[in-house]
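Please read the structure below before turning to the comments.
Counting starts at 1 for both ligands and their atoms, following the listed order.
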Amino acid sequence: MTHSYNYCPHCASPLRLLTQVEDGGPKQRLRCAACGWTHWNNPTPVLAAIIEMTDRDGQVLLARNAAWQGRMFALITGFMEAGESAEEGIVREVFEETGLRTDAPKLVGVYDFQRMNQLIVAYHLQAQGEIVLSPELAEYKLFRPEGIRCWRAGTGYALADWLSTKGITPMWMDPA
Ligand SMILES: [Zn+2]
């Protein structure tokens, strides 16, 4: 995440980089000297959806985020809410962002996205019907699976793995 902590969220004392011995040995982290609170900075799980439109010849829905520069289309993603399973979360996110009702999400895999301190949990879902984008998304495009070019980052690897399970050799946007 891009935000860093300056004060302890528990007791409001200033946080400092302090070294303590943990299970893995001495480790420097942002800690509170007053109450012992530690900013662990664990990766955040992010859910991602490969949406296969079974009423459009199995084309895959990719969308462009309104906040992004350029013409990059990507998977539907979102954060989990407290009190829901990952499967419930991805079904909810797909509905909120595209208006599509889906069920039976199938796990594609779990992928590193260390640049954003995230862990991508990618699902494949089948959907039909009208697509109504949330304001967060500027536009969508439907791609034939054979025509998709994968990007070399978390969700792009998920897409490549899913294409491989369909017997399609993934094409990449840029050489390795
Ligand atoms: Zn504190």
Side-chain angles (χ1 to χ4, degrees), residues 1-51 61-125 132-140 150-162 173-174:
M1 299 278 90
T2 51
H3 297 288
S4 61
Y5 288 92
N6 294 315
Y7 296 96
C8 176
H10 181 65
C11 77
S13 303
L15 294 175
R16 285 189 294 141
L17 276 173
L18 299 173
T19 300
Q20 265 183 26
V21 177
E22 300 177 355
D23 289 348
K27 183 86 184 177
Q28 191 183 57
R29 298 184 195 271
L30 270 184
R31 303 179 197 271
C32 176
C35 79
W37 185 85
T38 299
H39 179 36
W40 297 103
N41 199 26
N42 300 115
T44 305
V46 171
L47 307 173
I50 299 168
I51 304 172
L61 185 156
L62 300 181
R64 185 169 70 82
N65 195 300
W68 292 347
Q69 307 284 337
R71 299 275 301 160
M72 177 80 181
F73 287 79
L75 301 186
I76 300 296
T77 57
F79 295 109
M80 291 178 69
E81 298 274 8
E84 70 183 1
S85 68
E87 288 80 6
E88 289 165 347
I90 196 61
V91 167
R92 174 185 53 74
E93 280 290 342
V94 167
F95 179 68
E96 287 175 3
E97 300 206 11
T98 67
L100 292 167
R101 296 277 186 195
T102 55
D103 56 12
K106 206 161 164 272
L107 183 67
V108 174
V110 174
Y111 301 86
D112 271 12
F113 195 20
Q114 293 184 14
R115 183 166 60 80
M116 294 291 285
N117 195 26
Q118 293 173 348
L119 183 76
I120 308 284
V121 183
Y123 288 93
H124 164 232
L125 305 99
V132 182
L133 292 186
S134 83
E136 266 179 60
L137 299 174
E139 58 179 320
Y140 70 87
C150 302
W151 47 96
R152 294 190 189 275
T155 52
Y157 292 120
L159 205 40
D161 283 349
W162 178 72
M173 282 186 176
D174 51 340

- Task: Spell out, as yes or no, whether a donor-acceptor pair under 3.5 Å connects the side chain of Asn117 to the backbone of Asn41.
- Result: yes
Step-by-step side-chain hydrogen bond (donor to acceptor under 3.5 Å, both in side chains) determination, Tyr157 to Asp112: CA-CA 10 Å; Tyr157 292 120; Asp112 271 12; over 6 Å; no
Can you tell me how the ring of His39 sits relative to the ring of Tyr5, calling it parallel under 30°, perpendicular over 60° and tilted otherwise? perpendicular
Is the shortest distance from a Lys or Arg side-chain nitrogen in Arg92 or Glu96 to a carboxylate oxygen in the other one below 4.0 Å? yes
Are the side chain of Glu84 and the backbone N or O of Glu81 linked by a donor-acceptor pair below 3.5 Å?
-> yes
The expected count of protein N/O/S atoms at less than 2.8 Å from the Zn ion (ligand 1) is 4
- Answer yes when Arg71 and Glu139 have at least one side-chain N-carboxylate O distance shorter than 4.0 Å, and no when they do not. yes
